[in-house]
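Structure first, commentary second.
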Amino acid sequence: MRLEPVANPTLLRQLGLPALALCATVLVAMALALLAGADPFAVLGQILTGALGSRLAVLETLNRATPLIFTGLAVAVAFRAKLWNIGAEAQLYAGAIIAVLLGTGAMGAPFVLPVSAVVALLAGAMLLLVPVLLKVRLGVDEVVTTLLLNFIMALFVSYLLEGPLKDPMGMGWPKSPALIPEARLPRIVDGLRLHWGFALALIAAGIVWLIQTRTTLGFEMRAVGANIRAARFAGMPVNAVLVKTALLSGGLAALAGWSEVAGAKGHLSLDLSPGFGYTGIIVAMLALLHPLGVVVTALFVAGVFVGADAMSRAAGVPTYIADMLLAVALLFMVLAIALTRVRVVRG
Amino acid sequence: MGGAVIEILISASFWAAVLRIASPLIFATMGELICERAGVLNLGIEGIMVIGAFAGWMAVYLGLPLWGGVAVAFGAGALFGLLHGVLVVPFGLSQHVVGLGVTLLATATAYFAYRLALPEVTTPPKITPFQAWEVPVLSDIPLLGPALFAQTPLTYAAFACAGVVAFVLYRTPLGLALRAAGENPAALEAQGVSVSGIRIGAVMVGSGLMAVGGSFLTLSAFSSFFFEMVNGRGWICIALVVFGAWRPGKAVLGALLFAGFDALQIRLQQTPLGAVVPYQLFLMLPYVLSILALIAMSRRAQVPAALMVPYTKGER
Amino acid sequence: LAQEPLKVAGIYTVPVEQQWAGRIHQAAEAAKAAGVVDYSYTENVANTDYPRVMREYAESGVKLIVGEIFGVEAEAREVAAEYPEVAFLMGSSFMPDAAANPNLAVFDNYIQDASYLSGIIAGAMTTSGNIGLVGGFPIPEVNRLMHAFMAGVRETRPDATFQVTFIGSWFDPPKAKETAFAMIEAGADMLYAERFGVADAAMERGVLAIGNVIDTQADYPETVVASALWHFEPTFDAAVAAVTAGTFTAENYGVYSYMQAGGCSLAPLGTFEGKVPAAAMELVAARQAAIMDGSFTVAIDDSEPTSS
Amino acid sequence: MSETALGAEVVLRLDQITKRFGRLVANDAISLTLHRGEVLALLGENGAGKTTLMNILFGHYMADTGSVTAFGQPLPPGQPKAALAAGIGMVHQHFTLADQLTVLENITLGTESLWSLGRGRAAAREKVQSLSRDFGLAVDPRARVSDLSVGERQRVEILKALYRDARILILDEPTAVLTPQEAEALFQTLRLATARGLSVIFISHKLHEVMGHSDSCVVLRHGRVVGQVATRDTDRRALAAMMVGAEMADSAVAPGVAGPVRLSLRGIRAGALRDVSLDLRGGTITGLAGVSGNGQAALADLIGGALLPEAGVMQVDGAPVLQWSPRAAIGAGVGRIPEDRHKTGTVADFTLAENAVLETYATRFSRAGLVDWAAVRAHTERLIAAYDVRCPGPEARIRLLSGGNMQKLILGRVMEETPGILIANQPVRGLDVGAIAYVHGRLVAARDAGAAVLLISEDLDEVMGLSDVIHVISEGRLSPAFARGALTQGELGLWMVGHGFGEGAAHAA
Ligand SMILES: Nc1ncnc2c1ncn2[C@@H]1O[C@H](COP(=O)(O)OP(=O)(O)OP(=O)(O)O)[C@@H](O)[C@H]1O
Ligand SMILES: Nc1ncnc2c1ncn2[C@@H]1O[C@H](COP(=O)(O)OP(=O)(O)OP(=O)(O)O)[C@@H](O)[C@H]1O
Ligand SMILES: [Mg+2]
Ligand SMILES: [Mg+2]
């Protein structure tokens, strides 16, 4: 058995296989519901209602997708240049820290939002720069350094929140003071959580797409990723390209944290991110590293989670089913996407 | 501070703690090492450790003997390994995504199953875990004896496992084939050995070992299953494989070093230093030192050439 | 005409095995078993998702939502404001705000009274005077109980020294156990078991331990001398009664955790009956009586405890 | 060679093999027989289907129709294992060795039961050593493959087959990457093998090898057999005509008109280079002869900007070079045709258009950091037409091109910048005769337009045929310049193995 590329996949193939993946996920959901003693036939409806069934549901899905778009972009940019940035989680927190540092009174309107965004971007960039310089100069594997930095950053945030950044009015709970109103991203819809961070994420996706397809830097980043030797031979400044990639990637991941603090939360706590940095990897790869695809897959991942989570309550099954279904949907989906471009043949 | 550190370092109990803390890491690191040596990065490790911790414990809770629990953990890990292997080897899907997906799936499956099995329990039930077994004679050696030879059987097994992995890798045809699969799969295929077979097999066995590492937490280090109890240990093992330059011996050394820092920071927190230095700094110690160690030995590491490179027959 | 059970939902950021959430969950389950409430819950909710889950429950017709908003104070209060017909009983370090959120009441595990009493026993039972405390994170819920415990210890053992360590996780019993081992090596013969795993280390090394929030003596009959128990039932029952009666307001339910309200107690000595010095037990009895009649109050100190 | 071969028993029979890749018919009803002790040469243009056929024979691919019979037994399709068991050994065009493993490990890989404990290493080493002796394949079994030269690696590949007692040996372009000496040694080995009853199929684009070392030739074109002849009944011209389907004109290259010195090196030390002095003149092709691994790569890298001199002076058009890098070199008018078109010359997953501007995107095709893709496409279309690159279009991935067409695109990419200095490193390696003639023609045209061309090649015929001036490189040292025709092939060969150096006057010029 082997795989053979399909030169021009038919529309049926391109749409049918992902649809099949979704159906398979629903079947798994039904089986799990049955196992948990719930009504398997209500499951699909409950997931859909949970993710899209009301204005609240839709906005919550968009809201949860927002940081995923940023981290997904961060990963897509880095992976395209074969820079294995597993540290988006840490960079996210770097951005969040900056949002607090500059947003709690250090600066007022109208500068605080743009300035803190830019500084957050730089902070995330710097955080990724270290592993990248280590890789470029000493050949230290960046998968490991970026991964380890996640733990170090988590502990650093914990230190900040129990030390210098602790909210004096927080009754001892480890969290930062609240941002001043001028430092908050306004909401798009009054009363609901969706904020302008979502719009910024969409804009960021557009910009990244333009960078990758239209600019010389994008060309260089793709070339370095696809064949670093050829890129070097052709005279591309490979190390500089890697550094720039790191800056862009780390910066985007930091914006995820910045927008969560400035937009959604208004303060920083230890659990700001339930793994957005890691999920960003999933989002990016599902999108085949395409910046615009990242938007779609982030919405998909957020929708499956929100929908399945709501379903767990409606059906009365353990909430962990949401993560299970997200994982199942993800694995089926990557398989389906892969199979649109190759077919299994004997020989 | 130097005095305090030295005092800690010369105590037998410190070294006993190091071996205990290192044991689950050694199992899981060997598992990851096998996978990577065959060319497959297995980011499913964190979740596979969770499922191992759960399945091993559940089996014993339901009446199996302790070693039976270990076997069940291995089986459960191998099963998720099979999933990972099938998706990334013949289908060549992204090892990053599938790995993270497997971690998510395995973790959620363990939690879901636990909640279904024990819906009413609020204090996790206990089993009788492995007890320390003092090796006759050897455990009487002063200092060394109580440190090295008064451990639970699963700790001895961890070190034995590393030995077996090293032997298989370097001394048997199977190990040779496995290394070749990670270096140049085409070379293996050209010699008539199925790359897919070797890689899937390696991922299954490796995942089984990761799960056994997880089960150490519930069958030896502790006696109940807790959510989130694996607590990032799997990710550490990914780092340990690189730290160990993909060699079993060095990886074990890395695990011991990491465990050493961990045991040290626990003890340092109770010295006068602990009153002034934020505890997070202590907790950071093992990670920071890992990075420094990586930098120190960066030039020499030899990455398996075909790591993360999917292999499909008849393509170049 | 039998009354419809009140629809109640619990939202926890941790699995219900966590002691704190577990006590709430148990109280609610008990009320459900008694037919008073119709209870459902969601556990392990990330704070990011917490406001969404609150909204979902509120929109689904739940009348009382119990949970914890330590990490999402501002957002949660906003949600509560949008659903004035739903009662929110939330674990929080802050006071209720009747003006902004007339439907949001707060509570916390104010069981310092029981912790203090357990400290008296611990002080009497330690021989080395060296006591180890292993905690998850230094948050107020943990700190105040540790401080009360240490104050109790000093009553019977004024020269006592304390080793305090936080492991940076709620759920890592192996790590808690290792930490406890290290404390025992450093001379501790009495451990304050804030986390799972600590009593196990004490048991293996033959030293004693004091339980916290839940009673674990059944699992460690030779080890756990006494435990400070939290009873959420008074809090829960009061809230249910208020909602049913339509009188639920922005109160501080924290007092329902006080010993006077039956919100906490010292677990029965059980296997250690008769093994604790009589003088200590007399002191415990005296203090307990004083606490009950209000002549003695245990200080509430939420600051991070350190080793001494 | 031996007269006995053709009358001997048939060891291998391919019958009506057809293989399609999508719409492309790579093999079209190909039949072929191989006799015991026979050396059969398989020829054809790039993309004719030779490798595909051998891959089917070995079980890497499965034929759509047709069958393979070895020693009278039909081979199950698609199973390399079965082919190995039937005594077929294959040396791939791109070696299949694991670099980090030792020679012995590569050879014994897969030969023992995977489940046996321990490996019979002593016995295996013994066997390898005796095979080495018997077949003249000197290589240290304990050496790591990564430390071996290309020639040694090929010996390991052959040992792999012999170790498994192969009776039929298939070699895909075995000499494409070998020096003349190594190639000669290889054929020596093959002679020893056939004398012991082995049968050999080798694929080659080099007609002199085919003429000198085969018993019979099979020529493929567009996936079909266009001719099968006994070698003694044919000649190079006839074979070439069969391959390309037309007569090829032999073109003698007229000497160039030497211009000013474009590049000069004085006392350069860099990488493997030791005290090298060299002048490249406009209007001149300077040939660099030498056994590979003697500093050619370092010299090419040095001039191409990838390597910095540690000592000595380098001047381009009379100005000393200060800042040097690939980008600086390109800027200074140095054109580079790299040795390895797959690894350094192109980005396989990029389109032709993207590959065409790999060196010039920033200087010629962008404004304010934005790439002008319309201009890139137009430029590529021009290149494709001007350099006869056969491809689906500028948007096709270059991965899909045959080596010859890839090379033409690289050639176009470089020539289009009208370089003053042109380094052509193994420019025709692996190409068929038609493509070779084309590339050579272009090099001469560049010279005639005034460029200083440095032609690096291991093929003495190529160097002697094209160059106006020849240097020999050996162990990082450069011989004096020899004018066209000044030395015979034999005299150059002496320089190549190191004679003549160190006699003081060597660095005149
Ligand atoms: N795996 C494949 N998928 C699709 N097309 C292929 C594949 N392998 C070969 N081809 C096509 O089949 C044809 C024959 O290729 P093959 O490799 O057999 O040529 P060749 O004669 O060996 O060429 P060369 O002299 O360059 O080595 C080519 O047109 C090639 O593009
Ligand atoms: N998987 C594949 N898909 C499509 N075409 C392929 C594939 N594998 C090989 N080919 C094609 O087969 C042809 C011959 O391949 P081969 O490896 O013989 O390269 P080549 O043309 O000889 O180049 P070189 O000599 O530089 O290696 C090329 O046209 C190549 O593009
Ligand atoms: Mg070929
Ligand atoms: Mg070729």
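Residue numbers begin at 1 in each chain, while the letters A, B, ... track the order of the sequences.
In this structure, chain A has heavy atoms under 4.5 Å from both the backbone and the side chain of D:Leu370. Heavy atoms closer than 4.5 Å to chain A are found in the side chain of D:Phe350, but not in its backbone.
Nearest heavy-atom pair, D:Ser366 versus A:Thr216, reported as atom, atom and distance to 0.1 Å: CB-CG2, 3.5 Å. Heavy atoms only, all atoms of each residue included: D:Leu358 and A:Ala234 are closest at O-CB, 3.6 Å. Scanning both residues, D:Glu359 and A:Phe233, for their nearest heavy atoms gives OE2-CE2, 4.0 Å. Nearest heavy-atom pair, A:Gly235 versus D:Arg327, reported as atom, atom and distance to 0.1 Å: O-NE, 3.2 Å.
Close approach to chain A, defined as a heavy atom under 4.5 Å from one of its heavy atoms, is seen in no residue of residues 297-305 of chain D.
The structure places CZ of A:Arg232 at 12.0 Å from OG1 of D:Thr344, a figure rounded to the nearest 0.5 Å.
Heavy atoms from other residues, nucleotides or ligands lying under 6.0 Å from CZ of D:Arg20 number 12 at most.
Chosen from D:Val371, D:Asp372, D:Asp340, the residue pairing most often with chain A at heavy-atom distances under 4.5 Å is D:Val371. The most heavy-atom pairs under 4.5 Å with chain A, out of D:Pro326, D:Ser325, D:Pro77, come from D:Pro326.
Note: D:Trp373 and A:Phe219 have perpendicular aromatic rings, judged against thresholds of 30 and 60 degrees for the angle between ring planes.
Remark: side-chain polar atoms of A:Asn227 are paired, donor with acceptor, to backbone N or O of D:Lys343 under 3.5 angstrom.
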